[in-house]
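In what follows, a structure is listed as structure tokens, so that the remarks can point back to it.
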Amino acid sequence: MTEYGPRPVDRRLPTEEARDLLTLVRELAEREIRSTAGEEEDAGRFPRETFTLLSESGLLSLPYDEEFGGGGQPYEVYLQVVEELAAARLTVGLGVSVHTLACHALAGFGTKEQRAEHLPDMLGGGLLGAYCLSEPSSGSDAASLTTRATREGDTWTLEGTKAWTTHGGVADFYTVLARTGGSGAHGITAFLVPGDAEGLSAAAPERKMGMKGSPTAQLHFDAVRIPDARRLGDEGQGFAIALSALDSGRLGIAACAIGVAQAALDEALAYTAERQQFGRPILDFQGLRFMLADMATQIEAGRALYLTAARLRDAGLPFSKEAAMAKLFCTDTAMRVTTDAVQLLGGYGYTLDFPAERYMREAKVLQIVEGTNQIQRMVIARHLAGPETR
């Protein structure tokens, strides 16, 4: 990062409280996260202490009710916090989104007793969550999952393997979707599983091209026994719970994508203002200025799209189509913008000495997680034209 540093985003926020919150988050990100992000990612270090700090600061609870220790903030504000954190380090921004996703089933579908018992610690007690839906043979086709939960009296026994679990092996709790009935979407139920449950183990983290500081691992459930009191929602309601969570989770990924794209634009602007060729800064050359203009326009369009979806959610209106559009557009934007940032830095963009190459590697995964962008197009098309005929 050059001496120019990132520029503050001109945000339209609903309250002065929200503006103060975003200022606090930006200062925290600059002080505690950004300066060591590259070194930490290269070393593959998971920043657990950062998540502890975020929990203590109330930043892991923002979109949830104050009654159970939440921040009581609208999604419109929460997502802009995620964007700022992702701009500083994607491992942190995406980790906050995943934690929020892991809390969704309990907050939205748990009983009042369940929420009172578990939510305060999950939201502000230093705990970190993970979400277990995908399996080795069921990714996009999540309804075909095979991890099974069998009931005996008031106890459930879980058997199977989950894949691509962010925070796998380091989380304190897992929201797990398991089959309790027949095949298809209606035979799935949600459970809240402690991270230290007997019979639960994590494989070695996947070796990834980016986000090396964020562990992604398979989880093995070998006769993991949990009480019925940790079942979330009704039996067979799990897939509906999962889809509800994913609509919100896709907005988190969209915000992460815009954060990464904004960081890449900031780096490209700073570099091109400083780099001299032919006796003047390369920022003076029209071809490069046009590239920067396109990058900025795409970022602003993506930000507006995810915020529009968030405002629909905050108003209690349907937002599934808009969430899919935001996830699709924002993550494709991140890939384009980070690729262009590498190009603008020239040979230096391809070196480890500048963060542009890291942003480019990190952007790619955002087109895959929380439903690939091909799946997003399917979701959008179904809203436009109805289900596919068979």
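Please read these numbers as outputs of a predicted model, since none were measured by experiment. Values reported hereafter were calculated over all heavy atoms of this structure, with side chains retained and with hydrogens, waters and symmetry mates removed.
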- Message: Is any side-chain heavy atom of L219 closer than 4.5 Å to one of V176?
- Response: no
- Taking C-beta and beyond as the side chain, do S320 and D247 meet within less than 4.5 Å on heavy atoms? yes
- Query: Any side-chain donor paired with an acceptor under 3.5 Å for T161 and E135?
  - Reply: no
- Message: Check whether K212 reaches the backbone of A43 with its side chain - one donor and one acceptor, N or O, closer than 3.5 Å.
- Response: no
- Message: Under a 3.5 Å cutoff, is there a donor and acceptor pairing between the side chains of R311 and T308?
- Response: no
- Message: Test your reading of the model: is there a side-chain donor-acceptor pair from K321 to the backbone of L384, 3.5 Å cut-off?
- Response: no
- Query: Is E49 atom CD crowded by more than 12 heavy atoms from other residues, nucleotides or ligands, each under 6.0 Å away?
  - Reply: yes
- Query: Any idea which heavy atoms bring A257 and A334 closest together, and the distance?
  - Reply: O-CB, 3.5 Å
- Between R148 (side chain) and G181 (backbone), is there a donor-acceptor pair under 3.5 Å? yes
- Item | G182 backbone acceptor or donor facing R179 side chain under 3.5 Å | yes
- Query: Would you call E388-R382 a salt bridge at under 4.0 Å N-O?
  - Reply: yes
- E76 and P14: which non-hydrogen atoms are nearest, and at how many Å? OE2-CD, 3.9 Å
- Are L251 and V25 co-members of a hydrophobic cluster defined by side-chain heavy atoms under 4.5 Å apart? yes
- Task: Indicate, with yes or no, if the rings of F173 and H118 have centres closer together than 6.0 Å.
- Result: no
- Query: Is there a side-chain contact (heavy atoms from CB on, under 4.5 Å) between T100 and L62 once you walk through the steps?
  - Reply: CA-CA 9 Å; T100 302; L62 289 175; over 6 Å; no
- Message: Counting C-beta onward and ignoring hydrogens, is there a side-chain heavy-atom pair between E159 and T147 closer than 4.5 Å?
- Response: no
- Query: Sub-3.5 Å donor-acceptor pair from the side chain of K327 to the main-chain atoms of G249, do we have one?
  - Reply: no
- Task: Answer yes or no: is there a side-chain heavy-atom contact under 4.5 Å between T180 and R231?
- Result: no
- Give the C-alpha distance, both sets of side-chain angles, the deciding distance and a yes or no for side-chain hydrogen bond (donor to acceptor under 3.5 Å, both in side chains) between R336 and T333. CA-CA 5 Å; R336 284 192 299 269; T333 290; 3.2 Å; yes
- Query: Are side-chain N/O atoms of Q262 and D266 paired as donor and acceptor at under 3.5 Å?
  - Reply: yes
- Taking the side chain as every heavy atom from C-beta outward, state whether L192 and Y174 have any pair of such atoms under 4.5 Å apart. no
- Does Y306 belong to the same Ile/Leu/Val/Met/Phe/Trp/Tyr cluster as L317, with side-chain heavy atoms less than 4.5 Å apart forming each link? yes
- Message: Is there a side-chain contact (heavy atoms from CB on, under 4.5 Å) between Q298 and D294? Walk through the geometry before answering.
- Response: CA-CA 6 Å; Q298 292 164 24; D294 286 343; 4.0 Å; yes
- Considering residues, nucleotides and ligands other than Q286, do more than 12 of their heavy atoms fall under 6.0 Å from its CD? no
- Look at atom CD of Q343 and say whether more than 12 heavy atoms of other residues, nucleotides or ligands are closer to it than 6.0 Å. no
- Side-chain donor-acceptor pair under 3.5 Å between R230 and Q114, yes or no? no
- Assess whether atom CZ of R207 is packed by more than 12 heavy atoms of other residues, nucleotides or ligands within 6.0 Å. no
- Message: Between L28 and S57, is there a side-chain heavy-atom distance shorter than 4.5 Å?
- Response: yes
- Correct closest heavy-atom pair for H220 and Q218 would be CE1-OE1, 3.5 Å
- Message: Between Q367 (side chain only) and N373 (backbone N and O only), is there a donor and an acceptor less than 3.5 Å apart?
- Response: no
- Hey, does the Lys NZ or Arg CZ of R313 hover above the aromatic six-ring of Y75, less than 6.0 Å from the centre and inside 45° of the axis? yes
- Message: Quick test of your reading of the model: are R151 and D154 salt-bridged, counting only N-O distances below 4.0 Å?
- Response: yes
- Task: Determine whether the side chains of T91 and S214 contain a donor N or O and an acceptor N or O closer than 3.5 Å.
- Result: no
- Message: Keeping T189 on the side-chain end and E235 on the backbone end, is there a donor-acceptor pair under 3.5 Å?
- Response: no
- Query: In terms of heavy-atom contacts, does NE2 of H186 have more than 12 from other residues, nucleotides or ligands at under 6.0 Å?
  - Reply: no
- Connected via hydrophobic side-chain network under 4.5 Å: F68 and L106: yes
- Query: Could R250 and F319 be counted as a cation-pi pair, given that NZ or CZ must be under 6.0 Å from the ring centre and within 45° of the axis?
  - Reply: no
- Does a salt bridge link R225 with E198, judged by any charged N lying under 4.0 Å from a carboxylate O? no
- Query: Can you tell me if S138 uses its side chain to pair, donor with acceptor, with the backbone of S134 under 3.5 Å?
  - Reply: no
- Over 12 non-hydrogen atoms of neighbours within 6.0 angstrom of OH in Y348: no
- Side chains of R11 and E84: does their closest heavy-atom pair fall under 4.5 Å? yes
- Task: Examine V170 and L54 and state if one hydrophobic cluster contains both, with Ile, Leu, Val, Met, Phe, Trp and Tyr joined whenever side-chain heavy atoms are less than 4.5 Å apart.
- Result: yes
- Query: side-chain contact (heavy atoms from CB on, under 4.5 Å) between L283 and L292: does it pass, once the steps are laid out?
  - Reply: CA-CA 9 Å; L283 184 60; L292 291 164; 3.3 Å; yes
- Message: For residues 60-73, which residue pairs pass the side chain to side chain donor-acceptor pair (under 3.5 Å) check, not counting sequence neighbours?
- Response: E17-Q73
- Message: Is it the case that atom CZ in R45 sees more than 12 heavy atoms from other parts of the structure closer than 6.0 Å?
- Response: yes
- Task: Answer yes or no: is there a donor N or O on one side and an acceptor on the other, between the side chain of R115 and the main chain of F109, under 3.5 Å?
- Result: no
- L128 backbone acceptor or donor facing D172 side chain under 3.5 Å: yes
- Query: Taking all atoms of both residues into account, what is the closest heavy-atom pair of G210 and R361, and its distance?
  - Reply: CA-NH1, 3.6 Å
- Message: Could you report the tightest heavy-atom contact between A264 and V337, atom names first, then the distance?
- Response: CB-CG1, 4.2 Å
- Query: Are F46 and H167 close enough, and set up right, to give a ring-ring contact (aromatic ring centres under 6.0 Å, His included), and what steps lead you there?
  - Reply: CA-CA 9 Å; F46 177 63; H167 301 159; 5.7 Å; yes
- Message: Could you report the tightest heavy-atom contact between A356 and L345, atom names first, then the distance?
- Response: CB-CD2, 4.1 Å
- Answer with yes or no whether the side chains of T216 and K208 bring together a donor and an acceptor at under 3.5 Å. yes
- Decide yes or no for L101 and E370: does some side-chain heavy atom of the first lie under 4.5 Å from some side-chain heavy atom of the second? yes
- Message: Just by distance, no angles: are the side chains of D141 and S144 close enough, under 3.5 Å, to form a donor-acceptor pair?
- Response: yes
- Linking I/L/V/M/F/W/Y whenever any side-chain heavy atoms sit under 4.5 Å apart, do L305 and L312 land together? no
- Under the side-chain contact (heavy atoms from CB on, under 4.5 Å) rule, what do F51 and V96 come out as? Steps first, then yes or no, please. CA-CA 8 Å; F51 287 104; V96 171; 4.2 Å; yes
